[in-house]
Amino acid sequence: MIKYSIGMFGLLFIMGCLVSVVTADYDYNDYYGTWGTKLKTDFTLDSTVNTERVYNPNTGFSITSTPPGAEIFVNGESVGITRSLKAKEVKGLIPGEYNVSISFPGYKDYAGNYTVNEGEIKSIEAILSKL
């Protein structure tokens with residue numbers, strides 16, 4: 001069995017005997033390796049700011065209607081129908097302003113503009129009147 005160890009200053013020992021002395025100039029990348037070269041070590045501030053709006057899974061609407069079963073449109077796109085026992089949730093929206101309309105055959109349409117903020121679930125209770 002061969003035991004080896006590398007002591008301080010690049011000395012290589014095998015079974016207690018000095019075998020090799022390694023001398024090299026100090027290099028920053030030798031100490032930190034490739035991991036250190038991937039780091040941005042100058043710590044300068046980046047002047048660009050990402051202003052792109054991102055959807056939030058907890059941003060949207062909670063919608064109920066009387067009568068239940070009415071079709072829901074958000075910005076003109078159908079997103080489902082209202083339920084009889086619990087509210088229909090429309091989530092995952094980008095914060096901003098939306099046009100919400102609710103329609104049911106034989107009833108007057110309900111429509112309104114709503115603004116939702118980041119992480120907000122806005123409740124809408126639409127009471128439709130007969131034509």
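Positions are given from 1, in the same order as the sequence printed here. All values below were derived from every heavy atom in this structure, side-chain atoms included, with hydrogens, water molecules and symmetry-related copies excluded.
Evaluation of the salt bridge (Lys or Arg N to Asp or Glu O under 4.0 Å) rule for K108 yields no partner, not counting sequence neighbours.
Scanning both residues, S103 and F73, for their nearest heavy atoms gives OG-CE1, 3.6 Å. Nearest heavy atoms, I63 versus V90: CD1-CG2, 4.3 Å. Pairing each heavy atom of T82 with each of T64, the nearest pair is CG2-C, 4.2 Å. Across all their heavy atoms, P68 and R83 have their closest contact at CB-O, 3.5 Å. Here the closest non-hydrogen pair linking I102 and A70 is CG2-CB, 3.5 Å. Nearest approach of P95 to N117, heavy atoms of both residues: CB-C, 4.0 Å.
With rounding to the nearest 0.5 Å, the separation of OG1 in T59 from CD in E118 is 5.0 Å. The OH atom of Y110 lies 11.5 Å from the OG1 atom of T66; values are rounded to the nearest 0.5 Å.
When only modelled atom types and interatomic distance are considered, N113 and N99 share a side-chain donor-acceptor pair under 3.5 Å.
With a 4.5 Å cut-off on side-chain heavy atoms, F104 and S65 do not count as touching.
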Which atom pairs, one a donor and one an acceptor, fall under 3.5 Å between side chains of residues 121-131 and the rest of the protein, sequence neighbours left out?
| unit_1 | atom_1 | unit_2 | atom_2 | d |
| --- | --- | --- | --- | --- |
| K122 | NZ | T115 | O | 3.1 |

